[in-house]
Structure formats: C-alpha cells, structure tokens
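Structure first, then comments.
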Amino acid sequence: MHRMRDGEEFRQAMRRGGKGVQPDLVVHVGGPVEPADVTSVGFVVSKKVGRAHERNLVKRRLRHLMRDRIDAVPAGSKVVVRALPGAASRQAAALAPQLDQALHTAASRVRR
C-alpha cells in the first residue's frame, strides 16, 4: 500500500471515483489510470474532527484498518478516506464495519 501525497491525486480520486458514505466516514475510490499502477491510499482528517492528537489517533486507526482491506478495492485504485467529526469518538471496532461498507459501495461505483 502506498501513501497518496499529491493534492491532485486526492482531487482526481474524489471527483472521478465512486463514493461510499457512512455516519463517521466517506470513502472515495478512483479507478486505476494504468493497469499496472500501485494502489494508493490517502486520509483526510479535518480540524472539525478534533484537536491534533485526536486527528492523529483517528488517522492511525483508519490506516491500520485499511491495511487489511486494501485487497477489497481494484488493483491500481486511488482510495481517499475522509473522517467525519463523529469518527473521533469511535473505537476501531466501530469504524471497521463502516469502512467495509463504504469501501464496498465506493468500489462498486467506480467508472471503468
């Protein structure tokens, strides 16, 4: 799994990709540009989620959960996971089913 760092990659995945919405997070999955591309994942945790230590905790939880689910998206996809304010008060066990459902919905809506 590779980290997405370029703002343009984030924008393209969010604009052109499929979207899955859950109460505490939103997942965007952009289709692969080239079939041989590596799957990239990026996280967006805004200040609305909480203070810096809360945002970092949410990001670490989502990163850990995403490691096990990277195979659930088409190879070469660009995935953006946006945390909503309620994510700060959720444990990883509560975020896992939301992430699963959002990934499934977003991946099924990817334009090929």
Side-chain angles (χ1 to χ4, degrees):
M1 174 171 71
H2 288 78
R3 284 178 40 196
M4 196 181 311
R5 297 179 187 176
D6 182 31
E8 188 57 34
E9 285 183 296
F10 278 86
R11 279 188 284 285
Q12 286 181 358
M14 293 172 80
R15 285 185 186 144
R16 297 188 180 133
K19 179 167 83 169
V21 180
Q22 289 293 304
D24 297 317
L25 44 93
V26 178
V27 175
H28 301 268
V29 178
V33 177
E34 296 290 327
D37 281 351
V38 175
T39 302
S40 299
V41 180
F43 300 92
V44 178
V45 184
S46 76
K47 288 185 179 181
K48 291 181 182 180
V49 173
R51 300 178 73 162
H53 68 279
E54 294 167 322
R55 294 193 308 268
N56 289 331
L57 180 63
V58 168
K59 198 181 317 183
R60 282 194 309 269
R61 285 180 181 153
L62 291 172
R63 192 179 309 125
H64 176 75
L65 291 170
M66 198 59 210
R67 267 190 205 111
D68 299 333
R69 290 159 177 82
I70 197 69
D71 295 329
V73 295
S77 296
K78 306 291 184 203
V79 180
V80 176
V81 180
R82 270 193 315 134
L84 299 177
S89 62
R90 301 283 186 262
Q91 295 296 320
L95 289 173
Q98 290 187 39
L99 183 59
D100 289 336
Q101 184 61 44
L103 271 173
H104 176 72
T105 303
S108 67
R109 294 179 177 172
V110 173
R111 293 181 217 150
R112 306 211 191 280

Any chance you could lay out the side chain to side chain contact (heavy atoms under 4.5 Å, CB included) test for Arg63 and Arg67, step after step, and finish with the verdict? CA-CA 6 Å; Arg63 192 179 309 125; Arg67 267 190 205 111; 4.0 Å; yes

Is there a side chain to side chain contact (heavy atoms under 4.5 Å, CB included) between His28 and Arg15 once you walk through the steps? CA-CA 9 Å; His28 301 268; Arg15 285 185 186 144; over 6 Å; no

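Hydrophobic clustering of Ile, Leu, Val, Met, Phe, Trp and Tyr side chains at less than 4.5 Å, counting indirect connections, unites Val81 with Ile70. One hydrophobic cluster, built from ILVMFWY side chains closer than 4.5 Å, cannot hold both Met4 and Val29; they sit in different ones. Both Leu65 and Val79 belong to a common hydrophobic cluster when Ile, Leu, Val, Met, Phe, Trp and Tyr are linked at side-chain heavy-atom distances under 4.5 angstrom. Criterion: ILVMFWY side-chain heavy atoms under 4.5 Å apart, direct or through other members. Under it, Val41 and Val73 are part of a common hydrophobic cluster. Following chains of ILVMFWY side-chain contacts shorter than 4.5 Å, one can reach Val27 starting from Val58, so the two form part of one hydrophobic cluster.
The main-chain N or O of Asp24 is found under 3.5 Å from a side-chain atom of Gln98 such that the two form a donor-acceptor pair. Not a single donor-acceptor pair under 3.5 Å links the side chain of Ser40 to the backbone N or O of Arg3. Side-chain atoms of Arg82 do not come within 3.5 Å of backbone N or O of Val44 as any donor-acceptor pair. In this structure, Ser89 contributes its side chain and Gly86 its backbone to a donor-acceptor pair below 3.5 Å.
Between Asp100 atom CG and Gln22 atom CD the span is 9.5 Å, to the nearest 0.5 Å. Here the NZ atom belonging to Lys59 is positioned 13.5 Å from the CD atom belonging to Glu54, to the nearest 0.5 angstrom. Between the CZ atom in Arg60 and the CZ atom in Arg55 there is a gap of 12.5 Å [rounded to 0.5 Å]. To the nearest 0.5 Å, the span separating CZ on Arg90 from CG on Leu62 amounts to 12.5 Å. Residue Lys78 holds its NZ atom at 4.5 Å from CD of Glu9, rounded to the nearest 0.5 Å.
The shortest non-hydrogen separation linking Ala72 to Ala107 is O-CB, 4.4 Å. Considering every non-hydrogen atom in both Val45 and Ala83, the closest pair reads CG2-CB, 4.0 Å. The two residues Phe43 and Phe10 have their closest heavy-atom pair at N-CE2, 4.0 Å. Between Ala94 and Pro97, the closest heavy-atom pair is O-CD, 3.6 Å. Counting all heavy atoms, side chain and backbone alike, Ala106 lies closest to Gly20 at CB-N, 3.6 Å. Looking at every heavy atom in both residues, Pro85 comes nearest to Lys48 through CB-O, 3.7 Å.
A salt bridge links Arg11 to Glu8: at least one charged side-chain nitrogen sits closer than 4.0 Å to a carboxylate oxygen.
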